[in-house]
There are 2 protein chains.
Amino acid sequence: MDQDTHVPTIKDVAKKANVSAATVSRVLHNLSGFSDRTKRKVLQVAEELGYRPNAIARGLVNKRTQTIGVLFPNVSGGFSTDILHGMEEAAHENGFSIIVCNTARDGERTMKYLQVLREKQVDGIIFASQVIKDDYVTELAAMRVPVVLVNTLASKDSIPYVKVDDQQAAYQATTYLIQNGHREIAMIAGTLGDRLTGLPRLKGYRQALEDHGIPFSESRVAYGDFQLEGGRSAMEKLLSEAPPFTALFAASDEMAIGAMGVAFEGGIKIPRDLSIIGYDDLIVSRMIYPPLTTIHQPLALMGRSALEMLIALIGGKQEVSNRIVQHRLVERGTVRPLARD
Amino acid sequence: MDQDTHVPTIKDVAKKANVSAATVSRVLHNLSGFSDRTKRKVLQVAEELGYRPNAIARGLVNKRTQTIGVLFPNVSGGFSTDILHGMEEAAHENGFSIIVCNTARDGERTMKYLQVLREKQVDGIIFASQVIKDDYVTELAAMRVPVVLVNTLASKDSIPYVKVDDQQAAYQATTYLIQNGHREIAMIAGTLGDRLTGLPRLKGYRQALEDHGIPFSESRVAYGDFQLEGGRSAMEKLLSEAPPFTALFAASDEMAIGAMGVAFEGGIKIPRDLSIIGYDDLIVSRMIYPPLTTIHQPLALMGRSALEMLIALIGGKQEVSNRIVQHRLVERGTVRPLARD
DNA sequence: TTGAAAGCGCTAACAC
DNA sequence: GTGTTAGCGCTTTCAA
């Protein structure tokens, strides 16, 4: 019905305003070199015609798309979501758009996405909390666009990142439990193979135990995948197989929440019978009951930071420094001091 | 250092393979009209050079970007997240990319996004759970791209949508409470002004009460914004101002969870002292304790559906029919039958 | 079976 | 101040 009416281009504006396309372009970009009169005329005609520049055409000539690709291991889950939120905000402020990709922790899928992003000529890429395989690095290099990592590291530290100091944070979480009188402390760690965020947290836990003269016992550690379900099964395992424990450190809030559910179902009261500390501080963590004591990561801020680093890189900055953001322990309702014997 | 090496274009491939760019294009698209020998040659050279087609250039020619824009009122929050997940999945399967936009329920911001999406020549747009203002409709019309709605409606039903029957679902939720012996039932409704998902749920609640001979009392209704914080304040208001109630229907799981937190803090045990039923069935809802009894909406499926409808429309389909997806009540741990007097 | 040429909508020299 | 020209990388007639 109105399919016939044609979408106005810069030429249409030029013609109707009796100027050249170049002049229209100048006016629209507020460059120098046109009289006030032409400016008004052009603007008015553009308005009349309902003209909107075509970013695709523009992108073709200046090789910039103002678009960046972001890869997450799982878009659902409060974790990715909070980070995405910060990124989206920063992107919008800086005139960029974000293409989201859900890699589902799958290598092939990730490669596929990387190719799509390459073809779409994104100006830069962000990887969030994902193990960076060598394949990716190769593809990334071929793309010749800047890359920033959130909450993860590349093998040789070769890609700029923003993250917290996982090991130290885990150390602090564990120490907090110890200071509250706990000595029998279990842990639900992240994916076993994950040396980047999984391992450091485990190390921090272990180190804290050792520094306080508490023997580390492998049997008190169960492995999850950072997600709710993983937390649940890990907790079930601990409850049935591990030596008794009075406190638990979960390497993610989702796992902590999953574990809490299992505990409650088993009639274990938190924090009366068991103290739990999480890791992340998702929005939901303060909303559940009892509200979760946890290590706060400024997720939205991390997303924002990463995006800003990336934009700086895109803008020609040669190097940006990695950013270790501050975590902090937030005391809420899931840890109780143990009376000393 | 390697900034000089130039990114290979179709011409480079053509030259090196001793054919024309046209032929390369044909081979790459598997069109007819080339010998097997050229095909092999072209493919091999393309591989050698590490050639990747430029989707921007292609988009300029065929006016298709294989990209769609999705607008959410808030990207964080389990709700949008679950929908996005379904969309992302379907998009990926169909060779589309998704640009996410967080409108923050702000009209101006939404318009701004719409303009960006227009300039970026997205092939279609999805609005998720947002009131559709007339401004948007105008802009959308000017964009000449198909639009699909998830969990919302446009004023004159003029835009295809996928959603559940809110009123009926709310009716069912409320009836369930009544069937469990509750007669003093409060509600935390959605945004007051929102006639699209807010109002129908309120109506369903009200209708259920009336159909069972229970007088509706405005004082037992508080309004939230579908989010956690809104649920908290609404609950505080109900607790302090409303006549006593034994059951609560919250128009979103987030609000239900927020309300549960407030209840617990006030020493109110759920479901012993108060029964709660939510609406959405977020992933987290089954993980908290007690697990939330709620109205299940197939969020990921709805996202997927919407995306598939949109792709059909983009593909030239003239019309798609609206889709009312099935909700269902899932009984978990937050509602208890009230002993009859 | 293949190539030449035009053009998608825009920008960026380079003229005048 | 402003227009002309060329060209970004690709697809698509139209000829050959």
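Order of the sequence lines fixes the chain letters, A, B, ..., with proteins taken first and strands second; residue numbering starts at 1 for each chain.
Within residues 36-54 of chain A, the residues that have a heavy atom under 4.0 Å from DNA chain D are, in order of number, A:Thr38. Contacts with DNA chain D (heavy atom under 4.0 Å) in residues 20-31 of chain B: B:Ala22, B:Ser25, B:Arg26, B:His29, listed by number.
Taking atom CZ of residue B:Arg58 and atom C1' of nucleotide D:dT12, one finds them 14 Å apart after rounding to whole Å. Look at CD1 on B:Ile10: it is 18 Å from P on D:dG7, rounded to the nearest Å. Summarising the geometry, the separation between CG on A:Asp12 and P on C:dC8 is reported as 11 Å, rounded to the nearest angstrom. Regarding A:Gln121, its CD atom lies at a distance of 9 Å from the C1' atom of D:dG9, rounded to whole Å. Atom CD in A:Glu119 sits roughly 20 Å away from atom P in D:dC8 (whole-Å rounding). Note: CZ (A:Arg64) to P (C:dG9) measures 24 Å, nearest angstrom. B:Lys15 has its NZ atom 12 Å from the P atom of D:dG9, to the nearest Å. As a whole-Å value, the separation of B:Leu60 CG from D:dG7 P is 17 Å.
Among A:Lys112, A:Arg118, A:Lys133, the one residue that satisfies the salt bridge (charged side-chain N to carboxylate O under 4.0 Å, His left out) test with A:Glu139 is A:Arg118.
Applying the 4.0 Å criterion to OP1 and OP2 of D:dC8, one finds that B:Thr9 has every side-chain N and O outside that range. A close approach under 4.0 Å does not occur between any side-chain nitrogen or oxygen of B:Lys63 and OP1 or OP2 of D:dT11.
You'll find the side chain of B:Phe96 reaches within 4.5 Å of the side chain of B:Asp123, heavy atoms only.
Summary of helix geometry: the two end axes of the helix from C:dT1-D:dA16 to C:dC16-D:dG1, each defined by five base pairs via their C1' atoms, are inclined to each other by 40° (rounded to 10°).
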So A:His6 and A:Asp12, side-chain hydrogen bond (donor to acceptor under 3.5 Å, both in side chains) or not? Walk me through it. CA-CA 10 Å; A:His6 133 115; A:Asp12 299 315; 2.8 Å; yes

B:Glu88 and A:Arg109: CA distance, side-chain angles, deciding distance, salt bridge (Lys or Arg N to Asp or Glu O under 4.0 Å) verdict: CA-CA 13 Å; B:Glu88 207 283 334; A:Arg109 199 165 155 154; 3.3 Å; yes

After noting the C-alpha distance and the side-chain angles of A:Thr67 and B:Lys120, does the key distance pass the side-chain hydrogen bond (donor to acceptor under 3.5 Å, both in side chains) rule? CA-CA 9 Å; A:Thr67 303; B:Lys120 294 212 167 151; 3.2 Å; yes

Please evaluate residues A:Lys163 and A:Arg323 with respect to the criterion side chain to side chain contact (heavy atoms under 4.5 Å, CB included), reporting the C-alpha separation (whole Å), side-chain torsions for both, the decisive distance (0.1 Å), and the verdict. CA-CA 6 Å; A:Lys163 63 191 295 296; A:Arg323 210 167 151 205; over 6 Å; no

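With salt bridges taken as basic N to acidic carboxylate O contacts below 4.0 Å, one links A:Arg40 and A:Asp36.
Residue A:Pro160 comes nearest to A:Val147 through the heavy atom pair CG-O, 3.4 Å, listed as atom of the first residue, atom of the second, then distance.
Shown here is B:Lys15, whose NZ atom has no more than 12 heavy atoms of other residues, nucleotides or ligands within 6.0 Å. Heavy atoms from other residues, nucleotides or ligands lying under 6.0 Å from NZ of A:Lys16 number more than 12.
Mapping B:Ser35 and B:Val61 onto DNA chain C by nearest heavy atom places B:Ser35 closer to the 5' end of the strand.
Annotation: B:Tyr136 is in aromatic contact with B:Phe127 [ring centroid separation under 6.0 Å].
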